[in-house]
Amino acid sequence: MKKIAVVGAGISGLSMANYLEKHKIDYHIYERRKKKDLAGHGFLIPKEGMDYLYQIINPDHLLQHGNFLKKYTQYSHTGRILAEKELDNVFAISRHSLINLLAQNISHEKITYEETIIPDDQHTGKLKLSDGTDIDADITIISDGSRSRTRRNLFKDETMRVARESEVVNIIQNKEISASIEKDFMKFHHEDGGLTFGILKLSDDTVLWYSQFDNQKYMINGCSTENLRKYMLEVFENWHPIVPEIIQKSYYKNVHLWNVYELEKLNPFYKDNFVFIGDAAHPLIPFTSQGVTSALKDSFLLTKYLVEEENIQTAFSKYEIERKPEIEVHIHNGRALLNQFLLPLSQQTENIIPISYK
């Protein structure tokens with residue numbers, strides 16, 4: 001089997017490495033950020049994603065770090081129940097925990113942090129380190145996120161646009177608040193649309209929360225971290241009491257303000273000896289809750305075809321043919337969910353779970 005370079009040590013890159021480990025395929029991961037900068041916040045993972053995770057992570061270890069959610073409840077902003085739906089094995093876990101679990105199977109010698117990788121203009125299909133040193137790899141798997149530098153370099157005519165939604169994501173450690181939530185996924189919606197507040201229980205003392213804003217109505221993008229709590233308390237002042245309580249009691253040192261981008265049109269998933277997985281191949285807006293599952297499925301199928309096929313281009317082609325139609329479905333569903341989010345509650349389709357299913 002040929003030698004592989006993996007660019008990016010996030011969820012998709014580490015998932016790919018785990019599948020390569022299973023098949024004893026030689027690889028090395030290059031990550032431009034520090035390890036501690038990869039922590040992030042959290043994810044929802046539907047049943048299909050868990051089935052792929054169980055292949056590379058001990059299920060007992062997963063259950064020690066996350067939580068299966070029993071029910072999704074949709075509320076008005078004042079707390080009136082609008083809809084309830086039982087959830088089928090939807091798992092909530094912090095990004096920090098999932099990154100650590102995926103990294104446990106990877107030796108330190110196989111990951112280089114704080115190293116920027118750039119395409120080698122002199123040799124098609126090759127990469128080099130920032131100091132000009134060539135990387136010895138026959139295949140390069142690109143997993144460097146939704147705004148992939150390598151993708152933009154290879155597909156110079158691509159167009160990315162800012163979605164009409166921004167998110168604030170944070171984690172609070174508070175046993176009293178966590179106990180009041182049980183094992184549920186709660187989401188509060190403003191009657192005028194374009195503003196929500198979601199709450200996910202990660203453990204007995206940890207809760208993930210996020211707020212989604214119509215960024216044409218709310219000037220959230222202009223907030224500094226220092227002003228974010230004040231601005232959010234003003235916006236959510238008259239909501240159900242649990243919402244301002246969580247905002248007030250949270251620390252904002254590691255809060256994440258997420259500006260959402262999407263490709264107007266998907267690029268090919270491969271070019272020359274480069275192949276893309278996860279958000280680098282297909283950025284999905286957060287309404288789908290399919291980012292982790294899609295990255296896992298990409299990694300599983302790409303590894304499968306690399307093992308089965310002698311010819312690299314054949315393996316890449318089979319991977320793209322199998323994955324692209326499903327990704328198109330999730331992109332369509334994500335845009336539909338975004339459009340619903342922007343509408344007043346009275347015009348929204350009833351009982352919409354914020355997860356895209358194929």
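These numbers come from the heavy atoms of this one structure, side chains and all, not from hydrogens, waters or symmetry mates. Numbering of residues begins at 1 and proceeds along the displayed sequence.
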Salt-bridge criterion met for [X] and [Y] (N-O under 4.0 Å):
X	Y	result
R323	E320	no
K324	E328	no
E309	K318	yes
E115	R32	no

Contacts of [X] that satisfy salt bridge (charged side-chain N to carboxylate O under 4.0 Å, His left out) - sequence neighbours left out:
X	answer
K187	none
K110	E21
D214	R164

Side chains of [X] and [Y], donor plus acceptor under 3.5 Å:
X	Y	value
T78	S76	yes
H330	S294	no
N254	H41	no
E167	Q212	yes
S97	S94	yes

>> What verdict does the side-chain contact (heavy atoms from CB on, under 4.5 Å) test give for V260 and S166, after you've listed the backbone C-alpha separation in whole Å, the side-chain angles of each residue and the deciding distance to 0.1 Å?
In response: CA-CA 6 Å; V260 180; S166 298; 5.9 Å; no
Report whether [X] and [Y] are members of the same hydrophobic cluster (ILVMFWY, side-chain heavy atoms less than 4.5 Å apart, transitive linking).
X	Y	value
V307	Y19	yes
L343	F287	no
I321	F276	no
M160	V162	yes

> Which pairs pass salt bridge (Lys or Arg N to Asp or Glu O under 4.0 Å) with one or both residues in residues 252-267, sequence neighbours excluded?
Replying inline: R161-E262, E262-R335
> Could you give all pairs that pass the salt bridge (Lys or Arg N to Asp or Glu O under 4.0 Å) test and reach residues 171-180, with sequence neighbours left out?
Replying inline: none
> For the residue pair Y319 and Y305, is the inter-centroid distance of their aromatic rings smaller than 6.0 Å?
Replying inline: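 No, they do not, as the ring centres are separated by 6.0 Å or more.
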> For the ring pair F197 and F188, is the centre-to-centre distance below 6.0 Å?
Replying inline: no
>> Under the rule for ring-ring contact (aromatic ring centres under 6.0 Å, His included), what residues qualify as partners of Y210, not counting sequence neighbours?
In response: none
> Which residues satisfy the ring-ring contact (aromatic ring centres under 6.0 Å, His included) test with F43, sequence neighbours excluded?
Replying inline: none
Minimum heavy-atom separation for [X] and [Y], please, with both atom names.
X	Y	answer
S143	V6	OG-CG1, 3.8 Å
E158	N267	OE1-ND2, 2.8 Å
S250	N170	CB-ND2, 3.9 Å

> Within a radius of less than 6.0 Å around CG of D204, do more than 12 heavy atoms belonging to other residues, nucleotides or ligands occur?
Replying inline: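 Incorrect, the count does not exceed 12.
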> For atom NE2 of H23, is the number of surrounding heavy atoms from other residues, nucleotides or ligands below 6.0 Å larger than 12?
Replying inline: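 Yes, because the 6.0 Å sphere around NE2 of H23 holds more than 12 heavy atoms from other groups.
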> Do the numbers put K3 on top of the ring of Y27, so that NZ or CZ is under 6.0 Å from the six-membered ring centre and no more than 45° off the axis?
Replying inline: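 No, K3 and Y27 do not form such a contact.
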> Quick one: is the NZ or CZ of R147 closer than 6.0 Å to the six-membered ring centre of Y261, and within 45° of its axis?
Replying inline: yes
> Please walk me through it: do H282 and F269 pass ring pair (Phe, Tyr, Trp, His ring centres under 6.0 Å)?
Replying inline: CA-CA 8 Å; H282 44 72; F269 284 8; 5.7 Å; yes
> Quick one: side chain to side chain contact (heavy atoms under 4.5 Å, CB included) partners of A5, sequence neighbours excluded?
Replying inline: Y30, I135, A137, T140
> Which residues pass the side chain to side chain contact (heavy atoms under 4.5 Å, CB included) test with I312, sequence neighbours left out?
Replying inline: K2, I139, F316
Under 3.5 Å, sequence neighbours excluded: what are the donor-acceptor pairs made by side chains of residues 51-66?
residue	atom	partner	partner atom	Å
D51	OD2	K47	NZ	3.4
N58	OD1	D60	N	2.8
H65	ND1	H61	O	2.8

> Under the criterion side chain to side chain contact (heavy atoms under 4.5 Å, CB included), which of D26, L306, D138 is the partner of I4?
Replying inline: L306
> Quick one: side-chain hydrogen bond (donor to acceptor under 3.5 Å, both in side chains) partners of H190, sequence neighbours excluded?
Replying inline: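 Counting only residues at least two positions away or on another chain, H190 forms no side-chain hydrogen bond (donor to acceptor under 3.5 Å, both in side chains).
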Between side-chain atoms of residues 232-246 and protein atoms elsewhere (two or more places apart, or another chain), which donor-acceptor pairs fall under 3.5 Å?
residue	atom	partner	partner atom	Å
H240	ND1	I242	N	3.2
E245	OE2	K249	NZ	2.9

>> One pair to check against side-chain contact (heavy atoms from CB on, under 4.5 Å): L154 and F274. What are the steps and the verdict?
In response: CA-CA 9 Å; L154 292 178; F274 297 101; 3.7 Å; yes
> Between CG of L302 and CZ of F300, what distance do you get to the nearest 0.5 Å?
Replying inline: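 Answer for the CG-CZ pair, L302 versus F300, is 11.5 Å.
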